[in-house]
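First the structure, in the form of structure tokens, and then the observations on it.
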There are 2 protein chains.
Amino acid sequence: MTETTRKRSDKKREAIIQAATQAFQEFGVNGTSMDKLAELAQVSKRTVYNHFSKKEELVMHLIKEQWKSALVNIGVEYQHDLPLNAQLEELVFQEVTFMCSEGHLELARVAIGHFFYEPEKLKDEVAQLKAQESSLHRWLKAGKADGRLVFDDPEQVVNEIDSLIKGQCFWPQLFKIEDTISEDDKRRITQNIVALVLCRYAS
Amino acid sequence: MTETTRKRSDKKREAIIQAATQAFQEFGVNGTSMDKLAELAQVSKRTVYNHFSKKEELVMHLIKEQWKSALVNIGVEYQHDLPLNAQLEELVFQEVTFMCSEGHLELARVAIGHFFYEPEKLKDEVAQLKAQESSLHRWLKAGKADGRLVFDDPEQVVNEIDSLIKGQCFWPQLFKIEDTISEDDKRRITQNIVALVLCRYAS
DNA sequence: CTCATTTTACACTGAACAGTTTACTTTTCA
DNA sequence: TGAAAAGTAAACTGTTCAGTGTAAAATGAG
């Protein structure tokens with residue numbers, strides 16, 4: 001009995017999550033009432049509350065879910081025998097692709113909409129995001145150790161690269177000031193960033 | 001009669017604007033009820049409504065007010081006989097200082113809080129902000145015409161510089177992830193940006 | 001068919017809040 | 001002093017919304 005009943009329950013749950021994801025993106029968390037949400041999910045309001053006892057719980061579930069799934073590791077290990085150019089380009093391109101993906105943008109919109117007036121909580125969550133950025137960090141330090149890159153503070157270089165990526169592939173899209181980026185644009189932006197960085201820091 | 005009466009009225013109005021500015025920053029527009037606002041301004045709710053017939057009107061007034069006052073022109077004209085380094089540093093430093101000033105951050109917080117779920121309207125307003133960035137644009141084109149800078153698209157270079165500035169002096173502060181930047185940091189960041197850019201684009 | 005679980009419909013509570021109305025007070029200045 | 005202008009306090013309307021309670025209906029397993 002519990003077997004297929006579970007399945008029905010799970011389907012409803014899935015519908016709720018699905019509708020919430022869409023609605024929160026479109027109208028914002030505060031702009032989406034639980035009644036509206038239930039209607040969009042084709043589910044009774046009471047069922048929503050049976051699955052998530054508070055709105056807050058639903059929001060947090062969504063954010064962490066997406067956060068987790070977004071943590072597909074960006075990984076390029078430093079190679080002594082390959083040109084810096086190609087390696088860094090691959091790494092930056094991965095980051096660019098991730099940053100401007102609709103999935104990540106949607107997550108970010110929900111997160112920002114939710115945390116905008118709760119900076120302390122945001123701070124905590126952002127700390128986890130930082131871990132994901134350390135692949136670039138590792139690569140830079142390896143290049144420095146190998147004598148092919150010259151800089152004082154790797155943190156600063158990461159910041160610069162990160163700023164260049166987000167400034168062109170994340171913030172404008174987040175606020176829908178710019179449209180989605182084409183593959184060609186991604187490539188072009190990546191190449192410019194790599195050229196800029198290596199021109200300065202390659203020995 | 002109308003002379004001093006105006007003064008009293010203006011004082012109340014000022015108190016409302018003052019309280020609204022603070023409250024909107026701290027709790028957000030939606031997080032600030034008109035009752036709360038009236039209390040904070042030490043003014044009756046009715047007085048608020050005598051000055052601003054709708055909440056929306058108050059919000060728009062605030063944003064445009066601050067927008068206008070923020071439009072202190074950043075201007076450095078290109079000089080043929082001065083080193084690029086010093087000129088660009090001055091220009092970038094001005095932008096950095098503006099970007100991370102509390103005044104600008106507060107404006108941006110209110111604006112983003114208000115426009116986050118109205119991207120179309122945001123787009124319009126942002127267009128006006130772009131005009132202010134053209135001083136850098138002009139400087140770069142002058143440098144190129146003078147043969148001391150080499151690049152294809154000035155727009156792209158502006159984007160890169162802008163990304164570098166905002167990524168380090170605006171976004172982290174906007175979300176209160178990083179504290180206010182010290183004068184030394186501003187100088188250091190400026191110098192790094194200038195070095196990065198000139199290393200690549202100076203002939 | 002029957003029993004257990006889950007979903008549904010819907011009415012309800014209680015709070016928050018935008019905006020209004022009214023009756024009253026204070027300030028200013030002529 | 002007295003009339004005009006501005007402000008105040010507090011109750012009120014109407015709406016939206018989070019969250020609850022409950023009885024009936026749907027679903028599926030044995």
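Computed over heavy atoms, backbone and side chain alike; hydrogens, waters and symmetry mates excluded. Each chain gets a letter, A, B and so on, in the order its sequence line appears, and its residues count up from 1.
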Minimum-distance nucleotide (side-chain atoms of [X] versus [options]):
{"X": "Ser44(B)", "options": "dA9(D), dA9(C), dA18(D)", "value": "dA9(D)"}
{"X": "His51(B)", "options": "dT8(C), dT20(C), dG7(D)", "value": "dG7(D)"}
{"X": "Lys55(A)", "options": "dT8(C), dA18(D), dT8(D)", "value": "dA18(D)"}
{"X": "Arg8(A)", "options": "dT27(D), dT8(D), dT20(D)", "value": "dT27(D)"}

Can a side chain N or O of [X] be found less than 4.0 Å away from OP1 or OP2 on [N]?
{"X": "Lys36(B)", "N": "dA16(C)", "result": "no"}
{"X": "Ser33(A)", "N": "dT16(D)", "result": "no"}
{"X": "Ser9(B)", "N": "dA5(D)", "result": "no"}

Looking at Glu90(B) and Ala86(B), would you say the former's side chain and the latter's main chain have a donor-acceptor pair under 3.5 Å?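 No, Glu90(B) side chain to Ala86(B) backbone: no donor-acceptor pair under 3.5 Å.
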Verdict with reasoning, Glu155(B) to His137(B), per side chain to side chain donor-acceptor pair (under 3.5 Å): CA-CA 7 Å; Glu155(B) 204 62 53; His137(B) 204 278; 3.1 Å; yes
Any chance the rings of Phe175(A) and Trp171(B) have centres within less than 6.0 Å?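 Distance test on ring centres: under 6.0 Å, yes.
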Integer-rounded Å distance: dT8(C) P and Lys45(A) NZ: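 Rounded to whole Å, this separation is 14 Å.
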Could you tell me how far apart Asn50(B) (CG) and dA6(D) (P) are, to the nearest whole angstrom?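 Rounding to the nearest Å, CG of Asn50(B) and P of dA6(D) are 9 Å apart.
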